[in-house]
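Read the numbers this way: they start at 1 and go in the same order the structure lists the ligands and their atoms. What you are looking at is a predicted structure, and each value in this text was computed from that prediction instead of being measured.
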Amino acid sequence: AESPRRQPPQVFPPGFRWGAATAAYQVEGAVREAGRTPSIWDTFSHTPGRVTDGHTGDLATDHYHRFREDVALMAELGLKAYRFSISWSRVQPTGRGPALEAGLDFYRRLTDELLAHGIQPVATLYHWDLPQELEDAGGWPARATAERFGEYAHLAAEALGDRVALWTTLNEPWCSAFLGYGSGVHAPGRTDPADALRAAHHLNLAHGRAVAALRAALPRSAELAISLNLHQVRALTERHADLDAARRIDAVGNRIFTGPLLHGGYPADLKADTGHLVDWEKLVHPGDEAAIGAPIDLLGLNYYTPTLVSEAADGVGGNAHDPHGSSEHSPWPGAEHVLFHLPPGRTTEMGWSIDPTGLYDLITETARAKPGLPLLITENGAAFADTLAADGTVHDPERIAYLHGHLAAVHRAIEDGADVRGYFLWSLLDNFEWSYGYHKRFGAIYVDYPTQRRIPKSSAAWYARTVRANALAEPAE
Ligand code: GBH
């Protein structure tokens, strides 16, 4: 029976883009097929000790061969959009020169299949998988890599521009720069804070070059975006030292990207905090910031958990709640004395605190900082210890609660004036969770790896109800 105090239905704006997301190396497999060459993640995952239990993306979820089945599942969920990434190594194996048509054909088949089911393809050009040859030539710390990325963007737009109307350039450049070249927990596994900062600038520049190339090659109606994992930073106390710790993390975690992308250039405090590591005057050439700041149509936000920090009283920063997870190399150049804390409350299987208010705050703060720029939640979701029951079902009420809470936060932000155009659940299906391998399951669809069988979890059914109604379904309907 309906309770009289029941809330009005939380209806989303018309045309809200309900989707799910994946990334090439996490789902495709087929790493040696049709002329594809190794990316830094092939090299990294095949290096002993880098990924838990030596897992690799060699087979992953075999999406390369099973994409028709996967698109059929998306259609069953009623998805309006699918966000996938293009493997650079598949379509331009050395990172230079002409396109490899056989590689592009996979994305032609995939996007044709999506369009045939009325699902909008959303292509990400780069989800962390640099062609190994470009890494060997210096990787993201080398400025030339940004120029190569512009050429790759041009080639991808020429080939797929007739089918893909919404593009995101980079996924989470913070991870590429600071986990890849700072802490080294992601490929290519390098640990030099100066290189991490150089990588960040060259990723920004790569985005700028890609926007220019995409605008030149695509119809005017095409929409361009970037996906950032902006850290929702909170200080443990209001003490000056803790507020300053939060400011530093905001600088090297967020404003190093949003500064040049949205606000005209790199912030002065970031340059001051990191000036002992890089010479910003030499790193940033005249014209770079203007190129990076070329207008985009949407800003993609990826959100999982907030970030709680304090000053490290003893001067030794790191992770207060996960001593084993904190590497000796910091992913936070210029903020090495900051201590990270686990906020109180429940966590996911990743050990990340569950806090939908963080998503509300992230959306409303971003909307206020850049009025007029529509937002897209390009990733949100959670890993839980899902198990396949004897009756062949996967029951994941915790994920439903997580998604319900975070979508309620998105809805509240929209009611309060934020222009959020869509939501992409991470992830469509369980997949290769980077340095955790296949141990962490983020999917709405369970993958039984020994058989590659797909089993929609109860969260998938819940999400489908929400998508069909364009309104939040009750967690236990
Ligand atoms: C996303 O990354 C990825 O885009 C996606 O490929 C991945 O599968 C998914 O999330 C789940 O992990 O580094 O100490 O500040 C999210 C990566 C996770 C990076 C949280 C920042 C905070 C801990 N982010 N992390 S710390």
Problem - E365: side chain to side chain contact (heavy atoms under 4.5 Å, CB included) partners, not counting sequence neighbours - result: Q232, D361, R368
Problem - Pair R441 + E433, salt bridge at N-O below 4.0 Å - result: no
Handout entry: D430 side chain vs D386 backbone, donor-acceptor pair below 3.5 Å
Key = no
Exercise for the section: Apply side chain to side chain contact (heavy atoms under 4.5 Å, CB included) to A408 and list each qualifying residue two or more places apart in sequence or on a separate chain. Expected result: Q10, L472
Handout entry: Within the protein, residues bringing a heavy atom under 4.0 Å of ligand 1, chain by chain
Key = Q26, H127, W128, N171, E172, W174, C175, N229, Y304, W332, W352, E379, W426, E433, W434, F442
Practice task
Answer yes when R198 and D195 have at least one side-chain N-carboxylate O distance shorter than 4.0 Å, and no when they do not.
Solution key: yes
Practice task
Only counting residues at least two apart or in another chain, list the ones meeting side chain to side chain contact (heavy atoms under 4.5 Å, CB included) with L373.
Solution key: L262, I296, L299, K370
